[in-house]
Amino acid sequence: ESLLSKAPGASRVRLGVIHNGVTGLTGISLLKFDITSVASRPGRAPGDLTQNQPMNGWTKHLPKLLAGECVKYYVKDMEYINGRDRLVRMGTVFILSCPVIDVQSHLLGAVFTHWDSETDIPKGEEMTKIEAQSKSTGQQLAAAMDLRSDLK
């Protein structure tokens with residue numbers, strides 16, 4: 001919610017967490033992701049808390065996320081059809097995706113900030129500020145995730 005309040009015009013912020021999914025026919029565990037948390041502006045659909053989604057929707061942007069960089073993209077340009085259709089149903093047209101990286105440089109997931117067609121997408125310095133805030137939020141989330149795993 002804090003990030004949503006700092007992202008002008010954004011309709012929702014979602015947290016995607018990467019995890020070991022099911023074991024495939026080869027005996028290799030396939031990475032999956034869950035949308036575990038959502039904050040949305042009043043009147044905006046938050047979308048489903050999806051589980052065990054394939055990582056192929058992340059393939060194009062994964063190298064940048066692994067490098068600690070945010071990625072900006074239009075939903076219409078997404079290659080993963082199921083993910084694209086789900087986002088279109090929510091009304092999302094543009095996404096800022098920023099990494100959630102722990103202190104050991106492991107990519108734990110991503111923070112997705114969505115803009116719908118009715119709102120202006122920030123540009124220039126305004127978007128740069130949102131990216132910085134998103135990265136900071138990602139670091140805080142990673143620290144919280146690390147803490148929870150230490151308690152188990």
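Along the sequence shown, the residues carry numbers beginning at 1.
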Between [X] and [Y], is there a donor-acceptor pair closer than 3.5 Å when you use the side chain of the first and the backbone of the second?
| X | Y | value |
| --- | --- | --- |
| Ser11 | His114 | yes |
| Arg89 | Gly47 | no |
| Ser136 | Ala132 | no |
| Asp116 | Glu118 | no |
| Asn20 | Leu31 | no |
| Arg12 | Met90 | yes |

Check: Would a hydrophobic clustering, with Ile, Leu, Val, Met, Phe, Trp and Tyr connected at side-chain separations under 4.5 Å, put Leu96 with Val111?
Finding: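 Leu96 and Val111: separate clusters.
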Is the shortest side-chain heavy-atom distance between [X] and [Y] below 4.5 Å?
| X | Y | result |
| --- | --- | --- |
| Tyr73 | Asp77 | no |
| Cys70 | Ser97 | no |
| Glu69 | Val71 | no |
| Arg86 | Ile35 | no |
| Val93 | Val75 | no |
| Ile101 | Leu108 | no |
| Arg14 | Leu49 | no |
| Phe112 | Thr92 | no |

Note to self: Assess the residue pair Val100 and Val17 against the criterion (side-chain contact (heavy atoms from CB on, under 4.5 Å)); give the C-alpha distance rounded to whole Å, side-chain angles, the decisive distance to 0.1 Å, and a yes or no.
What the structure shows: CA-CA 8 Å; Val100 174; Val17 177; over 6 Å; no
Notebook entry, point to check: So, are Glu125 and Lys129 salt-bridged, with charged N and O less than 4.0 Å apart?
Noted result: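 Between Lys129 and Glu125 there is a salt bridge, with a charged N closer than 4.0 Å to a carboxylate O.
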Check: Hey, what's the ring geometry for Phe94 with Tyr74, parallel, tilted or perpendicular (30° and 60° as the breaks)?
Finding: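 Phe94 and Tyr74: perpendicular rings.
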Next item on the list: Please round to the nearest 0.5 Å and tell me the distance separating atom CG of Leu107 and atom CG of Leu66.
Entry: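 The distance works out to 5.0 Å.
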Notebook entry, point to check: Can you name the closest pair of heavy atoms from Trp115 and Ala10 and give their distance?
Noted result: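 Reported closest heavy-atom pair: NE1-N, 3.2 Å.
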Next item on the list: State which residue, out of Glu79, Met78, Lys76, fulfils the side chain to side chain contact (heavy atoms under 4.5 Å, CB included) condition with Arg84.
Entry: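 Exactly one option meets the side chain to side chain contact (heavy atoms under 4.5 Å, CB included) with Arg84, and it is Met78.
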